[in-house]
Peer 1: 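One structure is given below, represented as structure tokens, and several questions about it will come after.
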Amino acid sequence: MSTRIAFLKGHGTENDFVIVPDPENAIDLPPAAVAALCDRRAGIGGDGVLHVVRSAAHPEAREMAAEAEWFMDYRNGDGSVAEMCGNGVRVFARYLQRAGHVAEGDLAVATRGGVKIVHIAKDGDVTVGMGKALLPEGDVTVSVGERSWPARNVNMGNPHAVAFVDDLAHAGDLLAPPPFSPPTAYPDGVNVEFVIDRAPGHVAMRVHERGSGETRSCGTGACAVAVAAARRDGADPAVTGAPATYTVDLPGGTLVITERPDGEIEMTGPAVIVAEGEIDTEWLENAAL
């Protein structure tokens with residue numbers, strides 16, 4: 001490892017991340033090291049790690065280097081690899097702006113879920129083009145204790161099960177992954193969203209994120225919720241020809257999600273850098289053992 005490892009801490013609607021700048025992909029971050037960094041008592045604390053690497057320097061992103069200079073090598077809080085993180089992309093873009101790599105306006109970010117177009121606005125909000133949702137067929141059910149609900153299977157580059165409930169308290173403590181069926185629906189696990197209505201075009205949610213537990217916010221989850229709500233409400237933009245916009249309240253803040261008639265989804269919300277410092281390399285090396 002490097003003799004000096006810089007880090008920053010940031011969040012998007014309180015979905016928080018440890019940011020590790022590593023343009024040349026020189027820092028080894030095995031799962032145990034990532035989990036140690038995300039530990040809220042013995043580490044820095046976060047829902048995940050944003051490993052900032054130039055696309056050309058990472059084997060998983062080299063093919064995207066012509067489209068996007070930077071690759072978001074995202075890891076969940078338990079050290080596992082994830083395809084995408086919507087709040088993470090906004091914070092990733094805010095870091096690139098802070099570091100002087102990009103300015104206000106549009107930029108492309110490579111992720112395991114493909115290249116995402118991001119817009120950094122003058123007012124501080126960041127909008128991410130999240131791509132199109134996939135809606136796998138087949139019935140899905142999620143459960144908490146004695147309660148079960150039908151769920152909408154939505155894939156935003158990562159898998160989601162969206163359940164509309166009467167009370168967000170019915171989701172329980174969300175410490176453990178809510179059981180789902182059939183097991184073949186999500187062979188690699190799933191993010192589960194529990195949703196209530198607040199007003200037309202306005203919902204609130206809680207989420208259990210695969211590999212992280214309950215988080216204060218989930219950007220791809222908010223997109224999945226908006227897509228599921230639009231289908232439930234008869235507002236599928238591909239059918240109506242009009243965009244569908246939902247305000248989604250999360251424990252950590254509010255996101256605005258718009259799905260266009262062509263299926264493209266945009267997510268707008270805040271992204272904040274709150275601290276920066278250096279990681280004790282001896283500690284991290286021991287944590288990686």
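Here the structure is a predicted model, which is why all the values come from computation and not from measurement.
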Peer 1: Kindly compute the distance separating CD (Glu193) from CG (Leu168), expressed to the nearest 0.5 Å.
Peer 2: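 Separation between the atoms: 12.0 Å.
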Peer 1: Checking Ser181 side chain against Pro183 main chain: does a donor-acceptor pair fall under 3.5 Å?
Peer 2: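 Checking the backbone N and O of Pro183 against the side chain of Ser181, no donor-acceptor pair under 3.5 Å is found.
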Peer 1: Does a side-chain N-to-carboxylate-O contact under 4.0 Å join Glu276 and Lys9?
Peer 2: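 Answer for the salt bridge query: no.
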Peer 1: Is there side-chain contact between Met72 and Leu50, with at least one heavy-atom pair below 4.5 Å?
Peer 2: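 Counting from C-beta outward, Met72 and Leu50 do come under 4.5 Å.
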Peer 1: Kindly determine whether Glu209 and Thr215 satisfy side chain to side chain donor-acceptor pair (under 3.5 Å), including the steps that lead there.
Peer 2: CA-CA 7 Å; Glu209 283 199 64; Thr215 58; 2.6 Å; yes
Peer 1: Could you work out, with side-chain contact (heavy atoms from CB on, under 4.5 Å) as the rule, every residue matching Ala171, not counting sequence neighbours?
Peer 2: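 For Ala171, the residues satisfying side-chain contact (heavy atoms from CB on, under 4.5 Å) (neighbours in sequence not counted) are Leu174, Phe194, Arg206.
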Peer 1: Starting at NE2 of His58, measure out to CD of Glu24 and round the result to the nearest 0.5 Å.
Peer 2: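 That separation rounds to 12.5 Å.
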Peer 1: Side-chain contact test, heavy atoms from C-beta onward, threshold under 4.5 Å: evaluate it for Phe180 versus Tyr186 and give yes or no.
Peer 2: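 In contact.
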Peer 1: Out of Leu107, Leu96, Thr127, Asp106, which one pairs with Ile120 under the side chain to side chain contact (heavy atoms under 4.5 Å, CB included) rule?
Peer 2: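 Single pass found, and it is Leu107.
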Peer 1: If every non-hydrogen atom of Asp16 is compared with every non-hydrogen atom of Gly45, which pair is closest and at what distance?
Peer 2: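 Distance-wise, the nearest heavy atoms are OD2-O, 4.0 Å.
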Peer 1: Donor-acceptor check, side chain of Asp197 to backbone of Ala199, threshold 3.5 angstrom: yes or no?
Peer 2: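 Side chain of Asp197 to backbone of Ala199: no pair is present.
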Peer 1: Assess the side chains of Asn15 and Thr13: does a donor N or O sit below 3.5 Å from an acceptor N or O?
Peer 2: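 No, no side-chain donor-acceptor contact under 3.5 Å.
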Peer 1: Could you pull out all residues at least two apart from Ala56 that satisfy side-chain contact (heavy atoms from CB on, under 4.5 Å)?
Peer 2: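 So Ala56 forms a side-chain contact (heavy atoms from CB on, under 4.5 Å) with Ala65.
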Peer 1: Can you give me the closest heavy-atom contact between Val128 and Gly86, atom names plus distance?
Peer 2: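 Val128 and Gly86 have their closest heavy atoms at CG2-O, 4.4 Å.
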Peer 1: If every non-hydrogen atom of Ala93 is compared with every non-hydrogen atom of Val102, which pair is closest and at what distance?
Peer 2: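 Closest heavy-atom pair between Ala93 and Val102: O-CG2, 4.2 Å.
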Peer 1: Should His160 and Arg152 count as side-chain neighbours, where that means a heavy-atom distance under 4.5 Å?
Peer 2: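 They are not in side-chain contact.
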Peer 1: Of all heavy-atom pairs between Met156 and Cys223, which one has the smallest distance, and what is that distance?
Peer 2: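 Answer, listing the atom of Met156 first, then Cys223: CE-CB, 3.8 Å.
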Peer 1: Are Thr220 and Asn158 linked by a side-chain donor-acceptor pair shorter than 3.5 Å?
Peer 2: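 Yes, because at least one side-chain N or O of Thr220 sits under 3.5 Å from a partner of the opposite role on Asn158.
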Peer 1: Counting C-beta onward and ignoring hydrogens, is there a side-chain heavy-atom pair between Ile19 and Val91 closer than 4.5 Å?
Peer 2: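 In contact.
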Peer 1: For the side chain of Asp167 and the backbone of Ala169, is there at least one donor-acceptor N/O pair under 3.5 Å apart?
Peer 2: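 Yes: the side chain of Asp167 pairs with the backbone of Ala169.
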Peer 1: Does any part of the side chain of Arg94, heavy atoms only, come nearer than 4.5 Å to the side chain of Val272, both counted from C-beta?
Peer 2: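 Side chain of Val272 against side chain of Arg94, heavy atoms only: no contact under 4.5 Å found.
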Peer 1: Would you check if there is a donor-acceptor pair between the side chains of Asn87 and Ser217 at a distance under 3.5 Å?
Peer 2: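 A donor-acceptor contact under 3.5 Å links the two side chains.
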Peer 1: With a 4.5 Å cut-off on side-chain heavy atoms, are Tyr246 and Val225 touching?
Peer 2: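 Sidechains of Tyr246 and Val225: no contact.
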Peer 1: So, taking the atom named OG in Ser55 and the one named CD in Glu69, what distance separates them when rounded to the nearest 0.5 Å?
Peer 2: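 Those atoms lie 8.0 Å apart.
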Peer 1: List in chain and number order the residues that pass salt bridge (Lys or Arg N to Asp or Glu O under 4.0 Å) with Arg75, two or more places apart in sequence or in another chain; answer none if no residue qualifies.
Peer 2: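 If we apply the salt bridge (Lys or Arg N to Asp or Glu O under 4.0 Å) test to Arg75, skipping adjacent residues, the hits are Asp73.
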Peer 1: For Asp166, which residues count as a salt bridge (Lys or Arg N to Asp or Glu O under 4.0 Å) partner, sequence neighbours excluded?
Peer 2: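 Scan of Asp166 (salt bridge (Lys or Arg N to Asp or Glu O under 4.0 Å), adjacent residues dropped) gives none.
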Peer 1: For Trp70 and His101, take the angle between the two ring planes, folded into 0 to 90°, and tell me which bin it lands in: parallel under 30, tilted 30 to 60, perpendicular over 60.
Peer 2: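 Tilted: the ring planes of Trp70 and His101 meet at 30° to 60°.
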Peer 1: Decide yes or no on side chain to side chain donor-acceptor pair (under 3.5 Å) for Asp22 and His51, but give the supporting numbers first.
Peer 2: CA-CA 7 Å; Asp22 181 22; His51 185 206; 2.8 Å; yes
Peer 1: State, to 0.1 Å, how close Leu250 and Cys218 come at their nearest heavy-atom pair, and which atoms those are.
Peer 2: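 The pair with the smallest heavy-atom distance is CD2-N, 3.6 Å.
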Peer 1: Can you confirm whether Glu63 is buried at CD, in the sense that more than 12 heavy atoms of other residues, nucleotides or ligands lie under 6.0 Å from that atom?
Peer 2: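 For Glu63, atom CD is not crowded (no more than 12 foreign heavy atoms under 6.0 Å).
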Peer 1: Please say whether the positively charged group of Arg112, taken as NZ for Lys or CZ for Arg, lies over the ring of Tyr74, i.e. under 6.0 angstrom from the six-membered ring centre and within 45 degrees of the axis.
Peer 2: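 Not satisfied by the 6.0 Å and 45° rule.
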Peer 1: Does a donor on one side chain and an acceptor on the other come within less than 3.5 Å for Asp249 and Thr254?
Peer 2: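 Thr254 and Asp249 do have a side-chain donor-acceptor pair below 3.5 Å.
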Peer 1: Please name all residues satisfying salt bridge (Lys or Arg N to Asp or Glu O under 4.0 Å) with Glu14, sequence neighbours left out, ordered by chain then number.
Peer 2: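 With neighbours one apart ignored, the set is Arg216.
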Peer 1: State whether the side chain of Asp233 and the backbone N or O of Ala235 hold a donor-acceptor pair below 3.5 Å, judged by distance alone.
Peer 2: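 Such a contact is absent between Asp233 side chain and Ala235 backbone.
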Peer 1: For residues 130-145, which residue pairs qualify under side chain to side chain donor-acceptor pair (under 3.5 Å), counting only residues two or more places apart or in two chains?
Peer 2: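 As it turns out, the side chain to side chain donor-acceptor pair (under 3.5 Å) pairs with a partner in residues 130-145, which skip direct neighbours, are Ser143-Ser148.
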